[in-house]
2 protein chains.
Amino acid sequence: MRPLFHPSIHDVRLEAILHALSDPVRARIFTQIAAADCPKTCSAFSSVDDRTIPKSSLSQHFKVLREAGLIHSERQGVEMHNTSRCAEVEGRFPGLLPAIMGAHAVEHGLEVTPPTA
Amino acid sequence: MRPLFHPSIHDVRLEAILHALSDPVRARIFTQIAAADCPKTCSAFSSVDDRTIPKSSLSQHFKVLREAGLIHSERQGVEMHNTSRCAEVEGRFPGLLPAIMGAHAVEHGLEVTPPTA
DNA sequence: TCTATAGTTCGGGAAAATGGAACTATTGAA
DNA sequence: TTCAATAGTTCCATTTTCCCGAACTATAGA
């Protein structure tokens with residue numbers, strides 16, 4: 001099994017990020033990893049929005065997110081620990097991920113209502 | 001020739017926008033339309049970054065941008081006038097397009113240095 | 001009416017995504 | 001140790017999507 005490839009942050013391409021997040025399953029996975037306060041395994045997403053995702057497809061989705069520079073994956077025993085690289089991406093493309101995740105929230109009706117006192 | 005379809009702004013999907021802009025040719029076309037102060041024709045983009053784009057492909061690219069809700073296309077005589085729908089999209093997904101276009105600028109080394117006077 | 005121009009549509013080949021089956025790596029128990 | 005179980009990966013056939021040449025449509029002007 002070849003080692004996992006993680007691009008250096010300055011090799012991260014906007015095109016790859018947009019492509020990775022243009023898939024609804026990957027967008028879901030990424031937003032949940034980004035929101036989580038501890039690493040998430042791949043199998044944590046064996047179903048997304050009541051749809052079962054075959055594990056070969058899941059593996060591909062994680063690879064796309066990883067190679068786009070959005071997540072970091074590290075083997076921990078038998079499972080994989082995935083964490084987001086939001087902070088790094090924010091350094092390279094300021095405001096990009098917050099805007100996309102905000103839009104994602106708008107679309108799913110989860111927008112945090114601003115404190116309009 | 002069937003009439004051109006333009007989605008209503010509240011039917012615009014984040015997924016479609018990200019997909020549309022994840023292609024380098026479309027990203028170029030869109031940023032130039034968005035930056036222009038007058039409508040752009042399709043044939044204005046018959047070559048992008050020194051690469052010739054066949055007109056059947058161009059037509060498809062414009063269709064993807066249009067159906068994603070990013071541009072408005074209107075026949076004007078023999079040609080097509082394309083304008084951006086940035087303002088509408090901004091209303092639906094605040095900050096999204098500025099962030100993507102900012103990232104695009106970062107990647108192409110065209111970043112506008114903020115007036116840190 | 002004829003010609004030129006600007007785009008669209010069609011259709012076939014190329015490339016990418018999907019998912020089942022087989023494989024690999026690690027753990028823990030017998 | 002070996003064996004079984006678990007978590008992911010890789011392979012490969014099928015399906016879907018993308019690309020672009022060729023044919024077509026629509027409009028303008030001579």
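By convention in this document, chain letters (A, B, ...) are assigned in the order of the sequence lines, proteins followed by strands, and residues within each chain are numbered from 1. Note that these values count all heavy atoms, side chains included, but never hydrogens, waters or copies made by symmetry. Small disclaimer: the values here were computed from a predicted structure and weren't measured.
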**Request:** Answer with yes or no whether the side chains of A/His61 and A/Arg26 bring together a donor and an acceptor at under 3.5 Å.
**Result:** yes
Calculate the interatomic distance between [X] atom [atom1] and [N] atom [atom2]; express it in whole Å.
{"X": "A/Leu58", "N": "C/dA17", "atom1": "CG", "atom2": "P", "result": "16 Å"}
{"X": "A/Phe62", "N": "D/dT9", "atom1": "CZ", "atom2": "P", "result": "9 Å"}
{"X": "A/Arg51", "N": "C/dA17", "atom1": "CZ", "atom2": "C1'", "result": "12 Å"}
{"X": "B/Lys63", "N": "D/dC18", "atom1": "NZ", "atom2": "C1'", "result": "13 Å"}
{"X": "A/Met80", "N": "D/dT9", "atom1": "CE", "atom2": "C1'", "result": "8 Å"}
{"X": "A/Arg26", "N": "C/dT18", "atom1": "CZ", "atom2": "C1'", "result": "12 Å"}
{"X": "A/Leu4", "N": "D/dG8", "atom1": "CG", "atom2": "P", "result": "11 Å"}
{"X": "B/Lys55", "N": "D/dA23", "atom1": "NZ", "atom2": "P", "result": "13 Å"}

Considering just the side-chain nitrogens and oxygens of [X], establish if one lies under 4.0 Å of OP1 or OP2 belonging to [N].
{"X": "A/Ser43", "N": "D/dG8", "result": "yes"}
{"X": "A/Ser57", "N": "C/dT18", "result": "no"}
{"X": "B/His61", "N": "D/dC20", "result": "no"}
{"X": "A/His81", "N": "D/dG8", "result": "no"}

**Fill in**
Ranking A/Gln60 and B/Cys42 by the position along DNA chain C of their nearest nucleotide, the one closer to 5' is B/Cys42
**Request:** Specify the residue among A/Arg75 and B/Lys40 whose closest nucleotide of DNA chain C lies further upstream toward the 5′ end.
**Result:** B/Lys40
**Prompt:** Can you say whether the rings of A/His6 and A/His72 are parallel (under 30°), tilted (30 to 60°) or perpendicular (over 60°)?
**Reply:** parallel
**Asked** Same hydrophobic cluster for A/Leu14 and B/Val106, using side-chain heavy-atom links shorter than 4.5 Å among ILVMFWY?
**Response** yes
**Request:** Without swapping roles, check the side chain of A/His108 against the backbone of A/His104 for a donor-acceptor pair under 3.5 Å.
**Result:** yes
**Request:** Look only at the side chain of B/Asp23 and the backbone of B/Val25, and say whether a donor-acceptor pair between them is shorter than 3.5 Å.
**Result:** yes
**Message:** Looking only at the side chain of B/Ser56 (C-beta and beyond, no hydrogens), which of the listed nucleotides D/dC20, C/dG19, C/dT26 gets closest?
**Reply:** D/dC20
**Item:** No-H, no-angle donor-acceptor pair, A/Ser59 side chain to D/dG8 base, under 3.5 Å
**Value:** no
